[in-house]
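Remarks on the structure that follows.
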Amino acid sequence: MDSYGELLKNKREEKLLSLDTISAALTIDKKYLAGLEEEDNSVFPGEPYLIGFMKNYSEYLELDSDYILKLYHNKKIQESPVPEGLIEKPKSEKFLPILISSISAVVVIVIVVVLVLVLRKKPVEEDNVLLAGAVKNQSYELGEKKFQQRLYKGDQITIPGNAGKIVLTVKETLKSFAIDTPAGVFYTDLAEENEFDINGDGNSDLIVYVSDISLNDEKRGAEVSLLLRHGVSTGGADSSTSIENIPFADEIQSKHPQHVILEDNRAYPFSLNATFRASCVFRDKIDFGSSVESYFSNGEQFSASAHNGIRIWMSNSNAVKFTVVADARTYDLEIGKAGQPLVQDIKWIKDTDGRYKLVVIELD
């Protein structure tokens, strides 16, 4: 089997590129690139970082990133220890006669029991037989935290929200994992990560990753990770724009100046669009919800809508180009410097004269 580390290293050397050159081009630390080539997973703070850097590095070298990721996941599965219950322990030969005698006795007892039941002709309810052999489907509730579970056809995942529950149903667990949502049926293959709009609002709401699925046995189910990204209300505080929750300008505690995007005599919902031009770990918190962290690479996009405000955190602020859309007007934002981690609020504040301002505030 091909080694993903050797493929990366050989392709880099074939292109006469150094790790320093690629590190500067991708804004990825040299030690992570070396870790990928040496297949040393211990240098990464978590698997999402490893996968994100691997995808970026593969595409930079003009390799098939899906194939490289598949090699990584195949190696990971092969290196996993075999469960104790699947290891067959050899039997000692001296116990063979005893084993044969025991099996013979059990067979005789089974035959006698079957004959007794047949002769008595005890009726068996067909519904009871079907019920005994049926597999009971499970129901799970998806919250803000990452959900990882082996799912089977017919299982349901419920997402609670202010406007009512959203129910997702597992439709297929053979070759591809399929999940039925209010917006349609979505498919994800092995070692593939997809983002889906499950409620039809135009935003990516659910991140699905499949780490294990059978090619020939549907009953094995699929090992799946699910994570809500944004755009789906999961309960808690009301996200509607509330004048009471808009702070006054003099209540803002930050030593950095406020950058005013627009002013108006009222506050209203706005949208934030982001385009990534380099690798970046990105975290967002919309209104009064919980923060959600994601990894983005060059060319990927993010979009979210808020009523009161959005807090954003990024590992490389110069890797992102932001656009704010409010009251049918568009405003471009250039934030931060190359390699600079940054935390900022984009939110409504109220001035002393009663006017409302949509501002960008850098946080310490």
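Between Leu333 and Ile261, the closest side-chain pair of non-hydrogen atoms falls below 4.5 Å. Within the 4.5 Å cutoff, the side chain of Gln149 has no heavy atoms near those of the Gln138 side chain. Between Arg12 and Leu19 the shortest side-chain heavy-atom distance falls below 4.5 Å. Contact of the Lys347 side chain with the Pro247 side chain is registered, since non-hydrogen atoms from C-beta on lie closer than 4.5 Å. The shortest distance between side-chain heavy atoms of Thr173 and Arg220 does not fall below 4.5 Å. A heavy-atom distance below 4.5 Å is found between the side chains of Phe322 and Met314. Considering only heavy atoms from C-beta on, Asn41 comes within 4.5 Å of Tyr72 through its side chain. The closest side-chain heavy-atom distance from Phe302 to Val320 is not below 4.5 Å.
Under a hydrophobic-cluster definition in which Ile, Leu, Val, Met, Phe, Trp and Tyr are linked whenever side-chain heavy atoms come within less than 4.5 Å, directly or via other members, Val325 and Tyr268 are assigned to different clusters. Residues Ile213 and Tyr152 do not share a hydrophobic cluster, defined by chaining ILVMFWY side chains whose heavy atoms lie under 4.5 Å apart. Grouping the Ile, Leu, Val, Met, Phe, Trp and Tyr side chains by contacts below 4.5 angstrom, directly or via other members, places Val167 apart from Val208. Using a 4.5 Å cut-off between side-chain heavy atoms of Ile, Leu, Val, Met, Phe, Trp and Tyr, with links allowed through other members, Leu174 and Val170 fall into different hydrophobic clusters. Cluster membership for Leu8 and Leu69, using ILVMFWY side-chain heavy atoms within less than 4.5 angstrom, is shared.
Listed here is the closest heavy atom pair of Glu263 and Val260: CG-CG1, 3.9 Å. Between Ile346 and Phe270, the shortest heavy-atom distance links the atoms O-CZ, 3.4 Å. Of all heavy-atom pairs spanning Ser305 and Ser271, the tightest one is OG-OG, 3.0 Å. Between Tyr4 and Leu36 the shortest heavy-atom distance is CE1-O, 3.5 Å. Nearest approach of Ile286 to Ala304, heavy atoms of both residues: CD1-CB, 3.6 Å. Of all the heavy atoms in Gln156 and Thr169, the pair that sits closest is NE2-OG1, 3.4 Å.
Within 6.0 Å of NZ in Lys153 there are 12 or fewer heavy atoms belonging to other residues, nucleotides or ligands.
Side-chain contact, Ser279 with Tyr295: a donor N or O sits under 3.5 Å from an acceptor N or O. Side-chain polar atoms of Tyr331 and Arg329 form a donor-acceptor pair below 3.5 angstrom.
For Glu141, there are no salt bridge (charged side-chain N to carboxylate O under 4.0 Å, His left out) partners two or more places apart in sequence or in a different chain.
Although no hydrogens or angles enter the test, the distance criterion places no donor-acceptor pair under 3.5 Å between the side chain of Thr275 and the main chain of Gln301. The main-chain N or O of Ile28 is found under 3.5 Å from a side-chain atom of Ser23 such that the two form a donor-acceptor pair. Formation of a donor-acceptor pair under 3.5 Å by the Asp287 side chain with backbone atoms of Gly309 is found in this model. A donor-acceptor distance shorter than 3.5 angstrom exists from the side chain of Asp353 to the backbone of Arg355, with no hydrogens or angles considered. A donor-acceptor pair under 3.5 Å links the side-chain atoms of Asn74 to the main chain of Lys70, judged by distance alone. With hydrogens and angles disregarded, no donor-acceptor distance shorter than 3.5 Å links the side chain of Glu172 to the backbone of Ala178. Side-chain N or O atoms of Ser58 include none that pairs as donor or acceptor with a backbone N or O of Ser65 at under 3.5 Å.
Aromatic pair Phe276/Phe282: centroids less than 6.0 angstrom apart.
Note that CG of Asp155 is 11.5 Å distant from CZ of Arg150, once rounded to the nearest 0.5 Å. With rounding to the nearest 0.5 angstrom, the CG atom of Leu226 is 10.0 Å from the CZ atom of Phe196. Distance check: Ile51 CD1 to Lys55 NZ gives 10.5 Å after rounding to the nearest 0.5 Å. Here CG of Leu33 is found 6.5 Å from CD1 of Ile22. Values are rounded to the nearest 0.5 Å. Atom CG of Asn298 and atom CG of Leu26 lie 8.5 Å apart (nearest 0.5 Å). In this structure, CG on Asp180 lies 11.0 Å from CD1 on Ile157, to the nearest 0.5 angstrom.
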- Message: Determine whether Met54 and Phe44 satisfy the following criterion, side chain to side chain contact (heavy atoms under 4.5 Å, CB included), listing intermediate values before the conclusion.
- Response: CA-CA 11 Å; Met54 183 180 293; Phe44 298 94; over 6 Å; no
- Task: Apply side chain to side chain contact (heavy atoms under 4.5 Å, CB included) to the pair Leu7 and Tyr67, showing each step before the final yes or no.
- Result: CA-CA 11 Å; Leu7 288 177; Tyr67 178 67; 3.9 Å; yes
- Task: Any chance you could lay out the side chain to side chain contact (heavy atoms under 4.5 Å, CB included) test for Tyr356 and Ile246, step after step, and finish with the verdict?
- Result: CA-CA 9 Å; Tyr356 294 92; Ile246 297 178; 3.9 Å; yes
- Task: Could you check Tyr209 against Thr188 for side chain to side chain contact (heavy atoms under 4.5 Å, CB included), going step by step and ending with a plain yes or no?
- Result: CA-CA 7 Å; Tyr209 175 74; Thr188 303; over 6 Å; no
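Look at Glu6 and Lys9 and you find no salt bridge, because none of the NZ, NE, NH1 or NH2 atoms lies under 4.0 Å from a carboxylate O. At a threshold of 4.0 Å, the pair Glu47-Lys76 counts as salt-bridged, since one of the basic side-chain nitrogens sits closer than that to a carboxylate oxygen.
Shown are Val343, Leu342, Ile312; of these, the side chain to side chain contact (heavy atoms under 4.5 Å, CB included) with Leu363 is made only by Val343.
Residue Tyr187 belongs to a hydrophobic cluster whose other members are Val185, with links defined by side-chain heavy atoms closer than 4.5 Å.
Sorted by first and then second residue, the pairs that involve residues 271-280 and meet salt bridge (charged side-chain N to carboxylate O under 4.0 Å, His left out), not counting sequence neighbours, are Arg277-Glu334.
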